[in-house]
Participant: 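Have a look at this one before I ask anything.
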Amino acid sequence: MLTRKQHELLMFINERLKEAGVPPSFDEMKDALDLRSKSGIHRLIKALEERGFIRRLPNRARAIEVVRLPESTTPPAPRSRGFSPSVIEGSLGRARPVAAAAQGDGMSEPVVVPMMGRIAAGVPIEAIQVHSHSIAVPPDMLSPGEHFALEVRGDSMIEAGIFEGDTVLIRRTDTADTGDIVVALVDEEEATLKRLRRKGASIALEAANTAYETRIFGPDRVRIQGKLVGLMRRY
């Protein structure tokens, strides 16, 4: 996915090509994006080329070809892909995948992550909430892949430093290793945030609070929805 600046530059180049038949100069790009130097434009151009959105033609000045455009013209508008009816409390909806952490442009721009509702760090709660809003996250808090955010409810993970009201950042995955803190879907209807332990063929969901017992399930009763990669807290 593209960062906002990458998206803005791509659309600017595309519009100029349609209007004038030639791409804009680096000075024009710098002014259009309100950047202080052309070095930022060089980084954005390189990132767009690496992601396959543009192609620079060799041995020709200002020769840039737009190969493809993002599916939406509204930045940063991620594509709509169905989230399984699982994680989170509320009514069924479709979630948007999050833009992956920005790489290659050196701009350290925030990445827009969809907030998907609340997750229980305690007794599992019923799953699913339609995407309600988005939050801006520093890219160095994210790992490669798609991400979503959840608001924590409950106190079962306090010994892992996760408290009620915290926002956890989750990388979407259906696999995890023993010891990972995961979003787990139990019996296709309850979602919870717990540490994963494998005990033979069974799966244990372990709290980080001695007041809660570890729950053990057969492998067909638990589905991994994502893995914890970061946490945000408001004081």
Participant: Taking the hydrophobic residues Ile, Leu, Val, Met, Phe, Trp and Tyr, and joining any pair whose side-chain heavy atoms are under 4.5 Å apart, which ones share a cluster with Phe163?
Facilitator: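 Listed partners: Ile158.
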
Participant: Nearest 0.5 Å please: distance from the CG atom of Asp155 over to the CD atom of Glu164.
Facilitator: 7.5 Å

Participant: Measuring from atom CD1 of Ile54 to atom CG of Leu44, what distance do you get when rounded to the nearest 0.5 angstrom?
Facilitator: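 It comes to 9.5 Å.
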
Participant: List in chain and number order the residues that pass side-chain contact (heavy atoms from CB on, under 4.5 Å) with Arg198, two or more places apart in sequence or in another chain; answer none if no residue qualifies.
Facilitator: Thr178, Leu196, Ile203

Participant: Can you confirm whether Glu19 is buried at CD, in the sense that more than 12 heavy atoms of other residues, nucleotides or ligands lie under 6.0 Å from that atom?
Facilitator: yes

Participant: With sequence neighbours left out, write down each residue that passes side-chain contact (heavy atoms from CB on, under 4.5 Å) with Asp180, or none if nothing qualifies.
Facilitator: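 side-chain contact (heavy atoms from CB on, under 4.5 Å) list for Asp180, sorted by chain: Ala176, Asp177, Val182, Lys227.
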
Participant: Check each of Leu48, Ile45, Leu33 against Gln6 using the side chain to side chain contact (heavy atoms under 4.5 Å, CB included) test, and report the only one that passes.
Facilitator: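 Passing option: Leu48.
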
Participant: Between CD1 of Ile41 and NZ of Lys5, what distance do you get to the nearest 0.5 Å?
Facilitator: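 The CD1 atom of Ile41 sits 8.5 Å away from the NZ atom of Lys5.
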
Participant: If you compare all heavy atoms of Thr214 against all heavy atoms of Ala204, which two are closest, and at what distance to 0.1 Å?
Facilitator: CG2-CB, 3.7 Å

Participant: Quick one: do Glu15 and Lys18 make a salt bridge, cutoff under 4.0 Å?
Facilitator: yes

Participant: Given Ile216, which of Lys199, Arg197, Glu206 fulfils the side chain to side chain contact (heavy atoms under 4.5 Å, CB included) condition?
Facilitator: Lys199

Participant: Less than 4.0 angstrom from a charged side-chain N to a carboxylate O is my criterion; do Glu213 and Arg215 meet it?
Facilitator: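 No, Glu213 and Arg215 are not salt-bridged.
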
Participant: Sub-3.5 Å donor-acceptor pair from the side chain of Arg172 to the main-chain atoms of Glu146, do we have one?
Facilitator: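 No, because the side chain of Arg172 does not come within donor-acceptor range (under 3.5 Å) of the backbone of Glu146.
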
Participant: Taking all atoms of both residues into account, what is the closest heavy-atom pair of Ala160 and Ala208, and its distance?
Facilitator: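 Looks like N-CB, 3.6 Å.
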
Participant: Quick check for you: to the nearest 0.5 Å, what is the distance between Ile162 atom CD1 and Lys194 atom NZ?
Facilitator: 10.0 Å

Participant: Indicate the atoms forming the closest heavy-atom contact of Ala149 with Ile135, along with that distance.
Facilitator: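 The answer is CB-CD1, 3.7 Å.
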
Participant: Atom CE of Met29 and atom CG of Leu35: how far apart are they, to the nearest 0.5 Å?
Facilitator: 11.5 Å

Participant: With the 4.5 Å side-chain cut-off for hydrophobic clustering, are Val67 and Phe53 part of the same group?
Facilitator: no

Participant: Looking only at heavy atoms, which two atoms of Leu10 and Arg68 are closest? And how far apart?
Facilitator: CD2-O, 4.0 Å

Participant: Please assess Arg16 against Glu28 for the test salt bridge (Lys or Arg N to Asp or Glu O under 4.0 Å), listing each intermediate value before the final yes or no.
Facilitator: CA-CA 10 Å; Arg16 184 59 63 88; Glu28 290 171 326; 3.1 Å; yes

Participant: Check for a donor-acceptor pair, side chain of Ser156 on one end and backbone N or O of Ala207 on the other, with a separation under 3.5 Å.
Facilitator: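 Side chain of Ser156 to backbone of Ala207, a donor-acceptor pair under 3.5 Å: no, none is there.
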
Participant: Please check this pair: side chain of Thr173 against backbone of Thr175, looking for a donor-acceptor N/O pair closer than 3.5 Å.
Facilitator: yes

Participant: Please report the interatomic distance CG(Leu9) to CE(Met11), rounded to the nearest 0.5 Å.
Facilitator: 11.0 Å

